[in-house]
Amino acid sequence: MIQVLNLAMPFFGLIALGFLTARFKAWRGTPIPESGLGWMNFFLIYIALPALFFRILAKTPLEKLNNVPFVAGTTLATSIVFVLGFAYVMLRSKGHMRHATVAGVCAAYGNIGYMGPGLAFSTIGPDAAVPVALIFCFDNILLFSLVPLLMALAGTERRSALSVLAEVARKIATHPFIIATVAGVISAFIQFDPPEMLDRLLGFLQSAAAPVALFTLGVTVALRMESFTALAKVAASISPILALKLIVHPVLVIVILAALGRFETSWIYTAALMACLPPALNVFIIARQYDTWVEEASNAVLLGTVVSVVTLTSVLYLVKNGLLPIHPF
């Protein structure tokens with residue numbers, strides 16, 4: 001068990017460090033403006049994380065990237081969880097599609113960019129690289145497509161369907177993570193061997209991605225949290241969404257992959273770990289962008305991260321000891 005805690009606690013510790021630092025600065029009456037996070041977020045989204053995914057994929061044998069059943073299984077699991085979260089809030093809010101869309105993202109979109117890669121590599125090793133990249137790429141494409149389409153259907157934007165589809169395609173094609181993924185696949189195909197100085201630079205950036213991301217997540221959550229009273233008030237309404245994200249999603253991934261065929265154990269373990277990650281900070285960003293379900297999204301990120309200390313650590317223990325049931329049929 002101590003080995004599992006050694007793996008998990010540095011990740012949660014960095015989040016806690018960011019959270020406590022921000023709260024301490026606010027308590028001292030010298031809060032750092034939220035705008036101070038701007039460059040850190042830019043570094044993460046446009047430099048460090050793209051470098052991480054490019055380097056992973058560029059060093060991966062091309063034949064391992066062509067695993068359609070794995071992509072289909074993990075994306076199907078994400079889609080089902082999105083639909084369940086969407087339907088729950090549609091019923092609860094009596095048809096409020098904007099709220100339901102953000103809730104669906106909260107249920108389906110885990111912290112696969114900030115926490116996922118570092119945690120999977122630390123637990124499983126280099127064999128986690130390809131499944132992490134594939135899950136990240138296709139989950140992002142799925143959710144980047146669904147959100148603007150559903151928001152347009154909800155009437156938040158008075159534009160034609162063609163205009164919305166064009167914007168969706170543009171956002172997917174120009175997203176730095178997607179560009180880095182495509183560049184990495186091309187590099188693997190042509191067997192590009194970067195000069196040592198470039199490779200070392202990419203290595204530095206790759207190493208910086210997880211620590212900066214987790215600390216930034218903790219700071220951002222602290223700045224968004226109004227009070228523990230406000231958190232307790234919405235906890236009951238968001239608990240089913242968190243159950244979908246932290247429990248149902250990983251179970252679905254294992255069941256669907258088992259039904260589709262026999263995959264390498266490391267791939268199923270990676271998929272389960274990626275599925276049981278807490279809601280990503282992007283959930284709150286989407287809620288703010290569309291000015292809907294903002295308080296719930298903010299608290300879901302915070303509460304989901306706290307609860308995942310137990311759920312994610314439990315899955316890590318099962319994975320590390322080879323106890324996760326990956327062939328239930």
At what distance, to the nearest 0.5 angstrom, does CD1 of I268 lie from CD1 of I124? 11.0 Å
For L303 and I238, run side-chain contact (heavy atoms from CB on, under 4.5 Å): C-alpha distance rounded to whole Å, both residues' side-chain angles, the deciding distance at 0.1 Å, then the answer. CA-CA 9 Å; L303 188 58; I238 62 177; 4.0 Å; yes
Closest non-hydrogen atoms of L246 and C276, given as atom of the first, atom of the second and distance, are CD2-O, 3.5 Å
Determine whether L244 and H249 satisfy the following criterion, side-chain contact (heavy atoms from CB on, under 4.5 Å), listing intermediate values before the conclusion. CA-CA 6 Å; L244 287 171; H249 196 179; over 6 Å; no
Decide yes or no for T78 and F82: does some side-chain heavy atom of the first lie under 4.5 Å from some side-chain heavy atom of the second? no
Got a second to check how far S308's OG is from K245's NZ, nearest 0.5 Å? 10.0 Å
Just do the side-chain contact (heavy atoms from CB on, under 4.5 Å) check on Q206 and F54 with the steps written out, would you? CA-CA 9 Å; Q206 176 181 342; F54 171 80; over 6 Å; no
I15, V307, T305, L242 screened by side-chain contact (heavy atoms from CB on, under 4.5 Å) with P278, the one that passes: T305
Stepwise side-chain contact (heavy atoms from CB on, under 4.5 Å) test for V102 and M151: CA-CA 9 Å; V102 179; M151 288 299 185; 3.8 Å; yes
Please name the pair of heavy atoms, one in A8 and one in L316, separated by the smallest distance, quoted to 0.1 Å. CB-CD1, 3.5 Å
Supply the atom-to-atom distance L312 CG to L277 CG, rounded to the nearest 0.5 angstrom. 6.0 Å
Would you kindly say whether Y46 and N41 are connected by a side-chain donor-acceptor distance under 3.5 Å? no
Would you kindly say whether H99 and T292 are connected by a side-chain donor-acceptor distance under 3.5 Å? yes
Which heavy atom in R288 sits nearest to a heavy atom in V294, and how many Å separate them? CD-CG1, 3.7 Å
Exactly one candidate in L146, V283, L150 meets side-chain contact (heavy atoms from CB on, under 4.5 Å) with V105; the answer is V283
When rounded to the nearest 0.5 Å, the distance separating CD1 of I47 from CG of L52 is 14.0 Å
Is the shortest side-chain heavy-atom distance between Y269 and L318 below 4.5 Å? no
Has the side chain of T74 got a donor or acceptor atom that lies under 3.5 Å from a matching backbone atom of V71? yes
Atom CG of L5: over 12 foreign heavy atoms under 6.0 Å: yes
Give, for atom CD1 of I256 and atom OG of S79, the distance between the pair rounded to the nearest 0.5 Å. 8.5 Å
Does any non-hydrogen side-chain atom of R92 lie less than 4.5 Å from one of S237? yes
Please determine whether side chain to side chain donor-acceptor pair (under 3.5 Å) holds for the pair N140 and Y109, giving the CA-CA distance in whole Å, both sets of side-chain angles, and the decisive distance to 0.1 Å. CA-CA 8 Å; N140 273 289; Y109 193 24; 2.6 Å; yes
More than 12 heavy atoms of other residues, nucleotides or ligands under 6.0 Å from OH of Y317: yes or no? no
Side chains of L134 and W267: does their closest heavy-atom pair fall under 4.5 Å? yes
Answer yes or no: does atom CG of N6 have more than 12 heavy-atom neighbours from other residues, nucleotides or ligands under 6.0 Å? yes
Tell me if a side-chain donor or acceptor on T216 pairs with a main-chain N or O of V212 at a distance below 3.5 Å. yes
Side chains of P131 and F70, heavy atoms from C-beta outward: is any pair under 4.5 Å? yes
Side-chain heavy-atom pair L7, T313 within 4.5 angstrom cut-off: no
A side-chain contact here means heavy atoms from C-beta on lying under 4.5 Å apart; do V132 and P117 qualify? yes
Nearest non-hydrogen partners of L273 and V319, listed with the distance: CG-CG2, 4.4 Å
Are any non-hydrogen side-chain atoms of W293 and H96 less than 4.5 angstrom apart? no
N-O pairing of R55 and D199 below 4.0 Å: yes
Atom of G18, atom of V219 and distance for their closest heavy-atom approach: O-CG2, 3.3 Å
